[in-house]
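Contents: one structure, followed by commentary.
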Amino acid sequence: MINRNYLLKNLQRELPKIEKDILEYSESKEELSKHLQEEYGKAQAAGRTAEHFVAWREAQITQAAVSWLLTCVFVRFLEDNNLLVEPMLSGPASSNVDGKETKPLQYAKERMVAFFNENPTLEERDYLLDLFADLERFPVIAELLDRRHNPLWQIPVSSDGAKALIDFFQKIDADSGEIIHDFTDANWDTRFLGDLYQDLSESVRKRYALLQTPEFVERFILDYTLEKAKDTFGLPGLRLIDPTCGSGHFLLSTFERMFDAWQKREPGTNTRVLAQRALDVVHGVDINPYAIAICRFRLFVAAMRAAGSQKVKDTPSFHFNLACGDSLLHGRRFEWQGQGLQTDLIDEDPIKHVLEVEDKEKLLKILGQQYHAVVGNPPYIIVKDKALNQAYRDRYLTCYRKYSLAVPFMERFFELAMNKSETESAGYIGQITTNAFIKREFG
């Protein structure tokens, strides 16, 4: 059973160790150090950051460290809930599957011993990378690990760092003999990942003003946006987007509501088909790469459950409309109040720079269309990075004086919603915003 508070506390202690390991490893490898310098130079030249290199690099390393930790959490959740054919990283010390006693942790350790017997020159980092590559055989996991954009592939841990990760997830309580962190959950509840998203890294929480949306607020907003859109436009072709999706509370609830709606409409249709139809409604973008990783994992588990799949290997190749990126910089502009803007924001930049964690094709697709419902809980912060602050000010007419990000996001939400026309109704918008919006001049 998942002990959410205990897991969060222990991972918070583990994260700085992984960050230190990655920093030291990146400084010891000339090629990796040069790569980070080059990526920083491109971002700076494109006006996407004015931070000092050291501060910028610190943020990239934190993202990579979190990605390594979270990917191990994902694997543990899958193996502890018997969703993989065999344990790969750890699993409980003992488990009962179909009335048979098994020892997943022992099996995982034996698997690792066999790997090193076959590959005596390789190290613990190679084992983890091989484990992830093995899971990539399944298309749905390959999309989750996203080799082109997931920071763990670009910024690796050292072998000692990988060993520390393995030891952490295999650690046994000396008194009980049980695994310290058990990820077993009969309901496959992934809401604990929202806690990790919000509080795992204090620096990331402050940088992006991370804050989970309370469930009652989430329900209220979806009742007055998604449900209204469904009644107005119908189920087929319905689209919702959260351009600031965070750990995916709005998106997960949207999937569950849409799956239930399709089941009621077509009770005889295969649940796998209906699960993908529900996923087709859901679109999400977030500037934080591990927010997208969490969203994708949560939707994947929910779709598995809805489709009745018991093993990853038997799960359909679900497709997810999710991408890491800055919703204020990427995608098409849509006129909603006389702006006359019809360009791709990122293509206005002379360098057309896209960060390594950003998938330009997906971003242009997701942010290149309008939606029947637009919902979200944007950050309320004032952007301290001067280059980024100016980039938003240049692109959004509503940015006034010392504006909060609530302002350009409000303009963006209205752009992304369907425009009212002679033949079409307008889309529905639900945004949580800051009290300062009605108190300060920018509002």
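Numbering of residues begins at 1 and proceeds along the displayed sequence. Worth knowing before you read on, the calculation uses all heavy atoms, side chains too, and leaves out hydrogens, waters and symmetry mates.
Residues Asp314 and Ser309 have side chains that never bring a donor and an acceptor to within less than 3.5 angstrom of each other. Side-chain contact of Thr184 with Asp182: a donor-acceptor pair under 3.5 Å is present, judged by distance alone. A donor and an acceptor atom, one from each side chain of Asn82 and Gln310, are nowhere located under 3.5 Å apart. Checked by atom type, the side-chain pair Glu19/Thr62 shows a donor-acceptor distance below 3.5 Å.
The aromatic rings of His181 and Tyr6 sit tilted relative to each other, their planes meeting at an angle between 30° and 60°. Tyr428 and Phe233 have perpendicular rings, their planes meeting at more than 60° on a 0 to 90° scale where under 30° would count as parallel. Taking the six-membered ring for Trp and thresholds of 30 and 60 degrees, Phe132 and Trp153 have ring planes more than 60 degrees apart, a perpendicular arrangement. Taking the six-membered ring where tryptophan is involved, the planes of Phe297 and Phe74 are essentially parallel, since the angle between them stays under 30° and well short of 60°.
Within the 4.5 Å cutoff, the side chain of Leu235 has heavy atoms near those of the Trp262 side chain. Side chains of Val312 and Met304 form a contact here, defined as non-hydrogen atoms less than 4.5 Å apart. Taking 4.5 Å as the limit, every side-chain heavy atom of Asp126 sits out of range of all side-chain heavy atoms of Asn119. Taking the side chain as every heavy atom from C-beta outward, Leu89 and Leu165 never approach each other to under 4.5 Å.
Here Tyr403 and Tyr392 keep their ring centres 6.0 angstrom or further from each other. Ring centroid separation for the pair Phe216 and Phe220 does not come in under the 6.0 Å cut-off.
Remark: Glu31 CD is loosely packed, at most 12 non-hydrogen atoms of other residues, nucleotides or ligands lying under 6.0 Å away. When the shell of 6.0 Å around CG of Asn5 is examined, it contains 12 or fewer heavy atoms from other residues, nucleotides or ligands.
With sequence neighbours left out, Tyr107 forms a ring-ring contact (aromatic ring centres under 6.0 Å, His included) with no residue at all. For Glu361, the salt bridge (Lys or Arg N to Asp or Glu O under 4.0 Å) test picks out Arg148, with sequence neighbours left out.
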